[in-house]
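Contents: one structure, followed by commentary.
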Amino acid sequence: EYDSNVITICNIRDPTTSIVLSKQYTDTVGSRWRLNVYPKGNNTNQRYLSTYVELCDGIAGRYQYTVELLHDDVTRQVKFQSEDHFKVGDIQGYQKFIRVRRLLEEGYLNEEGSILIRLSIRPANLALRCQYQEEYQTLKEDKLRTQFNAQLNQNLTRIKSLRDDNASLQALVYPEYASNIFVVRNFSALREAQEDICSDNAYDDLGCCWRLIVYANGDKEGRDEWLSVYLRLLEGIPGSYEYCVELLHNDAAKTVKMEGTQSFDIQERFGWTRFARLDWICANGFVSEEQDALYFRFSLRPPNYKAKCEYHHLLRLEAKRECELLKRELIPSYSTKTYTLRNFSEMQRKDSFIYSDPLVDDLGFTWRLLIYANGHNEARGNHLSIYLILFEGVSASRFEYRVELLHPQNPTANIKMEGVNVFKLKKIWGWPQFMDHERLQEEGYLDQSADTLEFRLSMCPPDIKLKCEYQQEFIRKLKENQKLWISVEKQTKQKNYNDQP
């Protein structure tokens, strides 16, 4: 029996679609097939829709296949049947499957512009089918065995690696502290003035910004009796952090240490109004007599390695968002011009062309559309041809472009061609087969009452760096032309003066 599958082929009327590939499906033998459809024909023959059958994967051999173009009227169905030898990657089929005009006019297209094709495939005979099934089963077993062995070797290597790195992994469970030293100078003067002092911005290895705040004469209820110390998260990721704040002493045993775990929000401070008694600090040699200074060390880290990875991921996302915002600022805006083509029917009869009004972008470059109402070269007589020309500017410039044919009633139906291209001065680049004449009439792009088509042209360099380079080069060329013009003008004046009697 045949293995049959009904395939929906879309985008038949889209002028930019040259080939449509169906989804792959698997027959009972185990081979995978798909249908390749050329809506505008294969090679240079554009009057026929072409269809080809492709063996994507499976068993090479001789197969019979049937390709049927379905129609509500069974008597109009188009059917081709053949038998060929296939290798993996080979395609066999029909270059002249059905005329495009017949396809469009005789009801083969659905309302959404698609067609239905039934593809049926089977081995050439029953003996071959049994042979192919055995070959496929052997091939499948070999693949599974190879995949299993590769996965087994990979897992064994991974286990060995994990065992070797076990000590290192244990050490990474708790991240290292990020530590900073802060020196409070002129301690006595700060006490008398009852002022606080902040450390410089200190960054941990995640990139979070911290500060230590010290009240030399105490804060709030600790004033005049206690030294007050606070930690503040200025920038970074809010969350839980382990901290350690130390008031250092030459004798390490006397060092005052506060440590623990605390949840920090941005710009929120956490600390101790009663960190250490002021009289005890002065009496026990914490204040350097020569420099009148106190020495602090503050250290921070996420509570575990998992939390550190999460914070690092959040920081990357935040940096990515900032980068996207910056990228938007660095991408130039489009320069846009709308042009109305009048007397379309008359131009179509004369086989003439016309230039659009010039678009002078914000660099000073001049652009124009070159429009052939009745088509150009091989598209003459059945298509609208559109070309884009850089008339004045810097040759070999890279620009993003967007050329749109506007629909008078439905903006969502606008035909848009866009991309990036390198443009040379006065060299045309574009689309000989921009749109066929029948579609212009049938889908309402041509304003029948005014006999007009409306276009919109948009241009810009891909990034701000190129825009600046093109601007400098264009200014340099303008200056050279100005100098040349002044020189010619002087020579003309001198010649006129010499020619006088």
Side-chain angles (χ1 to χ4, degrees), residues 1-12 14 17-100 102-103 106-110 113-148:
E1 294 291 333
Y2 277 106
D3 293 314
S4 297
N5 189 29
V6 177
I7 300 166
T8 302
I9 305 298
C10 303
N11 301 326
I12 295 299
D14 191 340
T17 302
S18 58
I19 182 172
V20 180
L21 304 178
S22 72
K23 293 183 179 179
Q24 297 181 13
Y25 80 96
T26 305
D27 63 15
T28 53
V29 172
S31 299
R32 292 206 311 271
W33 303 84
R34 73 178 173 194
L35 193 65
N36 300 349
V37 178
Y38 294 80
K40 296 186 295 183
N42 195 9
N43 298 328
T44 59
N45 193 338
Q46 299 182 359
R47 292 180 297 174
Y48 287 88
L49 179 137
S50 304
T51 59
Y52 297 91
V53 179
E54 179 182 358
L55 175 59
C56 301
D57 188 25
I59 303 302
R62 180 160 290 278
Y63 291 86
Q64 294 177 353
Y65 58 94
T66 302
V67 181
E68 299 174 80
L69 176 60
L70 303 184
H71 194 282
D72 293 338
D73 183 356
V74 178
T75 60
R76 292 190 176 184
Q77 292 184 173
V78 179
K79 180 177 180 180
F80 285 91
Q81 186 172 3
S82 185
E83 179 178 323
D84 285 297
H85 188 276
F86 284 86
K87 295 180 181 178
V88 175
D90 279 358
I91 60 172
Q92 307 286 350
Y94 316 99
Q95 184 178 4
K96 297 182 179 180
F97 185 74
I98 185 174
R99 281 184 176 272
V100 174
R102 180 185 172 192
L103 179 75
E106 296 187 10
Y108 291 94
L109 284 178
N110 298 328
S114 62
I115 59 175
L116 297 178
I117 296 181
R118 182 188 291 122
L119 175 60
S120 306
I121 298 175
R122 67 183 179 189
N125 53 57
L126 186 60
L128 286 175
R129 177 171 182 168
C130 297
Q131 176 187 335
Y132 295 166
Q133 285 179 331
E134 291 178 1
E135 290 181 9
Y136 180 74
Q137 191 64 29
T138 303
L139 180 64
K140 186 176 179 181
E141 290 174 358
D142 290 342
K143 284 184 177 179
L144 289 174
R145 190 179 299 107
T146 302
Q147 291 176 358
F148 175 78

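Given the structure is predicted, the values throughout are model-derived calculations rather than measurements.
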Side-chain donor/acceptor of Asn36 to backbone N/O of Tyr52, under 3.5 Å | no

Using modelled atom types only, decide if a donor and an acceptor are shared between the side chain of Asp27 and the backbone of Gly30 within a distance under 3.5 Å.
-> yes

Ionic contact status for Glu83 with Arg62, cut-off 4.0 Å | yes

Give the ring-plane orientation class for Phe80 versus Phe97, where under 30° counts as parallel, over 60° as perpendicular and anything between as tilted.
-> tilted

Going from CD1 on Ile7 to NZ on Lys23, what distance comes out if it is rounded to the nearest 0.5 angstrom?
-> 11.0 Å

Which of parallel (below 30°), tilted (30 to 60°) and perpendicular (above 60°) describes Tyr65 and Tyr94?
-> tilted

Centroid-centroid distance, Tyr38 to Tyr48, less than 6.0 Å = no

Specify the closest pair of heavy atoms between Lys143 and Asp57, including all atoms of both residues, with the distance to one decimal.
-> NZ-OD2, 3.7 Å

Evaluate the side-chain proximity of Ser31 to Tyr63: yes if any heavy-atom separation is below 4.5 Å, no if none is.
-> yes

For residues Lys79 and Thr66, determine if any side-chain heavy atom of one lies less than 4.5 Å from a side-chain heavy atom of the other.
-> yes

Interatomic distance, CG@Asp3 vs CZ@Arg122, rounded to 0.5 Å, equals 10.0 Å

Supply the atom-to-atom distance Glu54 CD to Gln24 CD, rounded to the nearest 0.5 angstrom.
-> 7.5 Å

Spacing of OH belonging to Tyr132 relative to CD1 belonging to Ile59, to within rounding of 0.5 Å | 9.0 Å

Step through the shown structure and confirm whether more than 12 heavy atoms of other residues, nucleotides or ligands are within 6.0 Å of CD on Glu141.
-> yes

Partner set under salt bridge (Lys or Arg N to Asp or Glu O under 4.0 Å) for Glu134, not counting sequence neighbours = none

Can you measure from CD (Glu1) to OG1 (Thr28) and round to the nearest 0.5 angstrom?
-> 10.0 Å

Compare every heavy atom of Val29 with every heavy atom of Pro123, then report the nearest pair and how far apart it is.
-> CG-CG2, 3.9 Å

Going through the checks in order, is the side-chain hydrogen bond (donor to acceptor under 3.5 Å, both in side chains) test met by Gln137 and Gln133?
-> CA-CA 6 Å; Gln137 191 64 29; Gln133 285 179 331; over 6 Å; no

Identify which one of Asn110, Leu69, Ile9 satisfies the side chain to side chain contact (heavy atoms under 4.5 Å, CB included) criterion when paired with Leu116.
-> Asn110

Check: Ser50 side chain, Gln95 main-chain N or O, donor-acceptor pair, under 3.5 Å = yes

Given the rule in the side chain to side chain contact (heavy atoms under 4.5 Å, CB included) test, do Asn5 and Trp33 qualify, once you have shown the distances and angles that lead to the verdict?
-> CA-CA 10 Å; Asn5 189 29; Trp33 303 84; over 6 Å; no

Exactly one candidate in Leu103, Ile98, Ile117 meets side chain to side chain contact (heavy atoms under 4.5 Å, CB included) with Val78; the answer is Ile98

Could you go step by step and tell me if Leu35 and Val53 meet the side chain to side chain contact (heavy atoms under 4.5 Å, CB included) rule?
-> CA-CA 5 Å; Leu35 193 65; Val53 179; 4.0 Å; yes

Rounded to the nearest 0.5 Å, how far apart are OG of Ser114 and CG of Leu109?
-> 7.5 Å

Are Gln77 and Leu70 close enough that some pair of their side-chain heavy atoms sits under 4.5 Å apart?
-> yes

Taking every heavy atom of Ser18 against every heavy atom of Lys40, the minimum-distance pair comes out as CA-CE, 4.4 Å

Please tell me if the side chains of Thr51 and Leu49 come closer than 4.5 Å, counting only heavy atoms from C-beta onward.
-> yes

